[in-house]
Amino acid sequence: MALPALLLLLHLLLSSEGSLSPPRISFTLNSTERPLLHFGHGDLHNATALLLSRDSSTLYVGAQNAILSLDVNQSDVIRLNKKVQWSPSDKETADCTGKGKDLRNECPNFIHVLQPLNSTHLYTCGSYAYSPQEAYIDTQSFSVVKKVSAKGRCPFSPFERSAVVIADGELFTATKTDFRGIKPQILRYFSKDGRPDVSLETSIRLLEEPTFVSSSLDPAEGKLYFFFSEVGKEFSYVDDLKTARVAQVCKDDVGGVRTLQKKWTSFTKATLLCQFEKQLPFNILQDVFTLPPPEGGDTADTLFYGVFTTQW
Ligand SMILES: *[C@@H]1O[C@H](CO)[C@@H](O)[C@H](O)[C@H]1NC(C)=O
Ligand SMILES: *[C@@H]1O[C@H](CO)[C@@H](O)[C@H](O)[C@H]1NC(C)=O
């Protein structure tokens with residue numbers, strides 16, 4: 001039987017006793033204070049990516065073969081603004097099934113990422129018939145403007161997760177880079193100002209079968225954080241013991257010299273421990289949400305909310 005997930009407030013960055021209210025860990029059905037709104041639309045399935053607009057009036061939803069823009073401004077109803085279809089062609093689908101993948105569960109386009117790129121465009125990537133693609137979406141016309149291969153930057157498998165942060169037009173991604181989903185990477189691409197794209201050195205194993213769940217930018221420190229679970233090689237049990245981690249890289253890292261050209265020189269990782277005294281740890285990270293301080297506040301007051309569960 002699965003233990004209930006434990007919600008833990010992570011004071012990763014030292015936080016002063018803030019005035020923020022504690023996270024809501026339960027949601028009452030039919031509550032009059034905060035009614036639960038439902039939205040359904042035609043053949044909408046697998047809403048795997050969600051993005052709320054800056055002004056909180058629009059919710060972008062990445063679903064199977066489609067991206068939707070929803071008006072969430074009303075308190076009593078969610079309305080469809082626009083929908084854009086983004087599906088593989090019959091030939092691309094046939095190529096996918098030809099590689100032994102399942103027509104209905106693996107060969108559609110499942111959206112992995114939806115992020116604001118700049119003031120006018122969103123960035124998205126999807127598994128696209130096991131041949132990942134990325135695209136820009138013009139938020140005004142709500143159309144897909146440019147599609148290119150995202151191999152190496154977005155997972156092939158619809159069931160794999162990745163974590164993306166966009167900072168000043170540069171993309172920072174933690175993902176699996178290959179068809180089989182065994183090669184993890186943390187990359188910076190679309191690098192600006194003539195600096196090279198940077199990735200993890202792969203001749204040594206810096207990550208052990210990671211499952212990435214989330215990422216965040218610390219603008220004050222110029223750092224990116226990636227949250228994940230991986231096999232904890234420091235433990236020697238019969239079964240692989242998973243452990244929750246956070247990794248960091250510096251936003252402006254340009255790589256090292258000689259064999260370390262275009263490789264992160266700032267990568268480090270640390271364990272996240274969520275455990276009651278004398279009990280087994282909640283060792284698997286399911287998600288992390290970053291709550292920045294109010295506008296103009298001290299970034300040291302950033303809060304990270306983590307949801308953990310156990311391997312057992
Ligand atoms: C946002 O990015 C897109 C894609 O690169 C580009 O076409 C567009 O001009 C950019 N918009 C602004 C306001 O920079
Ligand atoms: C899509 O949804 C179906 C039905 O809920 C589910 O069985 C399947 O695992 C989902 N696929 C992904 C990639 O989330």
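Note that ligands are numbered from 1 as they come in the structure, with each ligand's atoms numbered from 1 the same way.
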For the [atom1] atom on [X], are there more than 12 heavy atoms of other groups (residues, nucleotides or ligands in this structure) within a distance under 6.0 Å?
X	atom1	value
Gln74	CD	yes
Asp90	CG	no
Arg79	CZ	no

Sub-4.0 Å atoms of ligand 1 with respect to non-hydrogen atoms of [X]:
X	value
Tyr136	4 (C), 5 (O)
Leu117	2 (O), 4 (C)
Ser119	13 (C)

Identify all pairs of nitrogen or oxygen atoms, one from ligand 2 and one from the protein, separated by less than 3.5 Å, and list them with distances.
{"from": "ligand 2", "atom 1": "2 (O)", "to": "Asn46", "atom 2": "OD1", "distance (Å)": "3.1"}
{"from": "ligand 2", "atom 1": "2 (O)", "to": "Asn46", "atom 2": "ND2", "distance (Å)": "2.5"}
{"from": "ligand 2", "atom 1": "11 (N)", "to": "Asn46", "atom 2": "ND2", "distance (Å)": "2.7"}
{"from": "ligand 2", "atom 1": "14 (O)", "to": "Asn46", "atom 2": "ND2", "distance (Å)": "3.1"}

Please name all residues satisfying salt bridge (charged side-chain N to carboxylate O under 4.0 Å, His left out) with Lys223, sequence neighbours left out, ordered by chain then number.
Glu221
Do you know which of Ile137, Leu117, Val113, Val84 makes side chain to side chain contact (heavy atoms under 4.5 Å, CB included) with Thr124?
Ile137
Measure Val145 to ligand 1 on non-hydrogen atoms and call it side chain, backbone, both or neither using the 4.0 Å cut-off.
neither
Where do Glu170 and Lys192 come nearest, in terms of heavy atoms and distance?
OE2-N, 2.7 Å
Sequence neighbours excluded, the answer for ring-ring contact (aromatic ring centres under 6.0 Å, His included) partners of Tyr130 is Phe179
Can you tell me which residue pairs pass the salt bridge (charged side-chain N to carboxylate O under 4.0 Å, His left out) test with a partner in residues 268-277, sequence neighbours excluded?
Glu230-Lys269
